[in-house]
There are 2 protein chains.
Amino acid sequence: MNFQKRKNIILNILEERGEVTVKELADELAISEITVRRDLTVLTADGLVYRTHGGIMKVELTKTPFHFANKAAINVEEKDNICRLAAKEIQEGDIIFMDCGSTVFRLCQFIRNKKIHVITNSLPVVYELMNSSVKINLVGGEIDPERQAVHGRIAEEHIGRYKADRAFIGVDGISVKNGLSAFSEIEAGITLAMFANSAISYLLCDASKVGKDKYFQFAPLNALDVMITNKKTDDTEEIEKAGIRVLTF
Amino acid sequence: MNFQKRKNIILNILEERGEVTVKELADELAISEITVRRDLTVLTADGLVYRTHGGIMKVELTKTPFHFANKAAINVEEKDNICRLAAKEIQEGDIIFMDCGSTVFRLCQFIRNKKIHVITNSLPVVYELMNSSVKINLVGGEIDPERQAVHGRIAEEHIGRYKADRAFIGVDGISVKNGLSAFSEIEAGITLAMFANSAISYLLCDASKVGKDKYFQFAPLNALDVMITNKKTDDTEEIEKAGIRVLTF
DNA sequence: TTGTAATTGATTATTTTTGAACAAATGTAC
DNA sequence: GTACATTTGTTCAAAAATAATCAATTACAA
């Protein structure tokens, strides 16, 4: 019984039951638990299963339905501090891109009274800036109800028609080695389009995301000009050394 | 029972009841309260639940920020009747344009459960249909805060990229002699673009606007295919004689 | 055969998870 | 406001799962 064969069996069992323990697999495959664990390490690295303590689950079962996610509510203070710094970078008359991240959203309150143009794919941003001195350009295309934002090819083309002074975006992970990464590739296209069409690219992210890599890596580190984060760490210093301007408070 | 599985169960229970106490969860999951609290700490940090003293609540996220303060409230019943008729015209699978008029807005409630595509420049329409079975395509461009809608050349170009089965629009005046008219020319471009790119053009308007001409005349009567209105008058009959299909109730 | 590398299993730390006990903080009733 | 009950955070210990190390087995090629 080689690894390939075990892999098939494990995946079949998982497909059937949704979740299995290491012990069960060891029994059914008549191999030791340590071998099962080694197999599961590989399968997890390949993204085929979700590893839990004591076993595995189907990846679908671990996805949280989106109506629960309300990231805007967490770490509000840190996010606000990051955005205060970001707002200082903005000049009167600027044209800026804002993406649909929860951190970027909190930038709204600090730019309400500026005479600038905001181009965004985020509906909450639109609503927040609606009755302010900011002129809003909304990116058109398919609505993603989960993210309350516009995504897709048409949206990216729309962005491509404008040249902005600054782009403010968020990511799920950033590292010197693998650059920018996200949980999903849906947002990556928007981010890339905004970066490509702005003079200066800003990343707004809290320190917990620095040095981390997530599922989908979509841009090298040097796509970025400035990173604004909440505190200096070894990881942020590394990024600074790589030539990115890093702002903290 | 691992954390991942508990998380799913907790979220499901919360979804069902809106709020749950720590004790209830401990009982139902057959684990200690301290473990429940630890789980809730994680879920709260992820923004998935709202932590209260003694339990959790659902995070409220889709409050409708857009609404028609003035116009939508008047003649609600008449408008609803017009829209009920309009909704009957729509087939499953249709692609339809909806403009930013207050009458057209009330069509939303009658199409929530249809499997159709809606292309619109109206933000209230977007929010109204956000969590429904309707797929939404939002027209991109400059936001007009007064109308809570997107207008301008870019918006018209966006509309031009799609071909729809039906277009539902409103006007401020319609007459056989001068065709369609509006108080302002801003909306006229959108209307014309939607008409040009749909197989059948519907006008939703109450009888008070029929036979009237307003400031800006932007299209001949024959740009229209169907007019849906609340009652037959001499003016509506005239329009019917001019070759427009007129629906009333 | 024989040597080498890869795989597997056993033993042993190490980490993670869980629950209990107790102190601190919070909410409620009066 | 105070007193009381409840909830929460903290610390510690036990149990389970995992990682690390090393030995045994197997596969394979010269």
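Quantities reported herein were computed from a predicted structural model and do not represent experimental measurements.
When each of A:R166, A:K115, A:H117 is tested with A:D94 by the rule side chain to side chain donor-acceptor pair (under 3.5 Å), just one qualifies, namely A:R166.
Look at A:R51 and you'll find a side-chain N or O under 4.0 angstrom from OP1 or OP2 of D:dT18. Between B:S32 and the phosphate of C:dT18, there is no side-chain N or O to OP1/OP2 separation shorter than 4.0 Å.
When the nucleotides C:dG19, D:dA17, C:dG9 are ranked by their closest atom to the side chain of A:H53, D:dA17 comes out on top.
Atoms CG (B:L40) and P (D:dT7) sit 13 Å apart, rounded to a whole Å. Taking atom CD on B:Q4 and atom C1' on C:dT18, their separation rounds to 18 Å, with Å as the unit. Here the P atom of nucleotide D:dT7 and the CD atom of B:E24 are 11 Å apart, to the nearest Å. The CD1 atom of B:I34 sits 11 Å away from the C1' atom of C:dA21 (whole-angstrom rounding). A straight line from CZ of A:R6 to P of C:dA6 spans 16 Å, rounded to a whole angstrom. Rounded to an integer number of Å, the gap from B:K23 NZ to D:dT6 P is 7 Å. Remark: C1' of C:dA13 and CZ of A:R37 are 14 Å apart, rounded to the nearest angstrom. Separating the CD1 atom of A:I31 from the P atom of D:dA24 is a distance of 21 Å, rounded to the nearest angstrom.
When heavy atoms are screened at a 4.0 angstrom cut-off, A:T52 is found touching the sugar-phosphate backbone but no base atom.
In this model, a side-chain donor or acceptor of A:R38 finds a partner on the base of C:dG9 within 3.5 Å.
Between B:Q109 and B:D80 there is a side-chain heavy-atom pair separated by less than 4.5 Å. Within the 4.5 Å cutoff, no side-chain heavy atoms of A:T120 are placed close to those of A:L129.
Side-chain polar atoms of A:S133 and A:K114 form no donor-acceptor pair below 3.5 angstrom.
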